[in-house]
Amino acid sequence: MTEKIKILLGVTGGIAAYKSAEIARLLIKNDYLVKVVMTRTAEDFITPLTFETLTNDQVYKYNTAIKDQPMLHIDLARWADLILVAPTTAEFLSKICHGRADDILTTTCLAFDKKIVLAPSMNKNMWENKATQENYQNLKKRGILFSGPEFGSQACGDIGSGRMKEPENILDDINQLTKKSTKLFKDKKILITAGPTIENIDPVRYLSNRSSGMMGCEIANAFYEQGANVLLVKGPCNYRQKEEIQSIEVKSAKDMLFSVEDNIEGCDIFVSVAAVSDFTVKDLSENKIKSEKNFKLELTKNIDILKTISKKYNNIFTIGFAAETSELKYNAVKKLKDKKISVIAANKVSFSEGIDNKSNSITLYWGDGLEKILKLKDKRDLAIEFVEEISNIYN
Ligand SMILES: Cc1cc2nc3c(=O)[nH]c(=O)nc-3n(C[C@H](O)[C@H](O)[C@H](O)COP(=O)(O)O)c2cc1C
């Protein structure tokens, strides 16, 4: 087993300090060992208790009693593989540039000879101030690394540079620096269905729906990018998944169920994105139905792939999709319960949204009344967000 990378997270007294809790959470979730050091002012913005709870460890405050550990700054500097200070105030930037050592965080930084990453966060005028810019340039020359800041809207209402990078983007920078990848579904076996199914009426006609297969293929791509071993069972559609993803092409709901059952053994997750035909033709005509006169087509309820799988394989994490034209929540939660699945992803459909469109929005429902809205966006981006959210629910 490889040893965990140890990160000392410094929190200083800026308005973005509340985001440090999310940074600590993300670091821990990504398998880093985290200890937190706070400045005195940081405690005006967020309580040490928040970090103590997240890290399940003591937080080192500016006035941490040192009688048991007189060389605390040296011990912390030896312990950490990397120091991340997020947010970094203008004050802290200045202190670190001038070699100040008047609290536990600055003293530890001075005693530290490995990588220090600063995530500045301040008003645009503070950031653009010559003093701050000189400190910033000096620190860069000395090998101090920076994650941000970014241009954007600020807590004070200004728009400009100085905004702290979002926690997930800071995490990406840390991962890149430590060469640690964030594969959320590494080696997980995932079976996904996509596209429509077709039900034959006679040798030339069939019943189907408008599913393009895009959502299912993009979800397969997103799981694959997160390290999963993906198998895609696809109904007839033109949308293509990444070449590296293994797929099986099927036509009817029955074929799809057979394919799923043949391959489900050993899977960790089953994602049913396919728009499976809810009805099938009662009496399949062996001959082409003559066009001279009207005829009545009788339909019967089709097999329910998702329900069958969740019932038979209750150790598999099952995710279903529900396209609804009305009463989204009511219908989705009903399906979640009736089919006894782990998560349901519901989306509103009409002639202009959801199915056969390039963008979509989804609401996830799971557990006892939990829900999360994934806002309208391009289906590729939505699939990436979907997979990240599923990782939160699954873990
Ligand atoms: C409400 C409030 C918000 C502040 N936000 C910021 C900020 O976002 N960035 C910054 O550099 N300073 C900010 N400051 C100023 C710092 O808190 C101040 O410079 C403090 O001395 C920083 O101490 P520290 O870096 O040791 O934590 C803010 C002050 C107040 C009162």
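What you see is a predicted model, and the numbers here were worked out from it, not measured in a lab. One-based numbering, in listed order, for ligands and for the atoms of each.
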Participant: Any Lys/Arg nitrogen of Lys379 or Glu218 sitting under 4.0 Å from an Asp/Glu carboxylate oxygen of the other?
Facilitator: no
Participant: Give a yes or no on whether a salt bridge exists between Glu166 and Lys19, defined as a side-chain N under 4.0 angstrom from a carboxylate O.
Facilitator: yes
Participant: Tell me, yes or no, whether the heavy-atom count around Lys301 atom NZ, taken from other residues, nucleotides or ligands under 6.0 Å, exceeds 12.
Facilitator: yes
Participant: Using a strict cut-off of less than 4.0 Å between a Lys/Arg side-chain nitrogen and an Asp/Glu carboxylate oxygen, indicate whether Glu385 and Lys377 qualify as a salt bridge.
Facilitator: yes
Participant: Between the side chains of Arg25 and Glu22, is the shortest nitrogen-to-carboxylate-oxygen separation below 4.0 Å, so that they form an ion pair?
Facilitator: yes
Participant: Using a strict 4.0 Å threshold on nitrogen-to-oxygen distance, state whether Arg100 and Asp102 make a salt bridge.
Facilitator: yes
Participant: Identify all N/O pairs between ligand 1 and the protein with a separation under 3.5 Å and present them as a table of atom names and distances.
Facilitator:
residue	atom	partner	partner atom	Å
ligand 1	5 (N)	Ile15	N	3.4
ligand 1	8 (O)	Ile15	N	3.2
ligand 1	9 (N)	Ser121	O	2.8
ligand 1	11 (O)	Ala90	N	2.8
ligand 1	17 (O)	Gly13	O	2.7
ligand 1	23 (O)	Thr41	OG1	3.3
ligand 1	25 (O)	Thr89	OG1	2.5
ligand 1	27 (O)	Gly13	N	2.6
ligand 1	27 (O)	Thr39	OG1	2.7

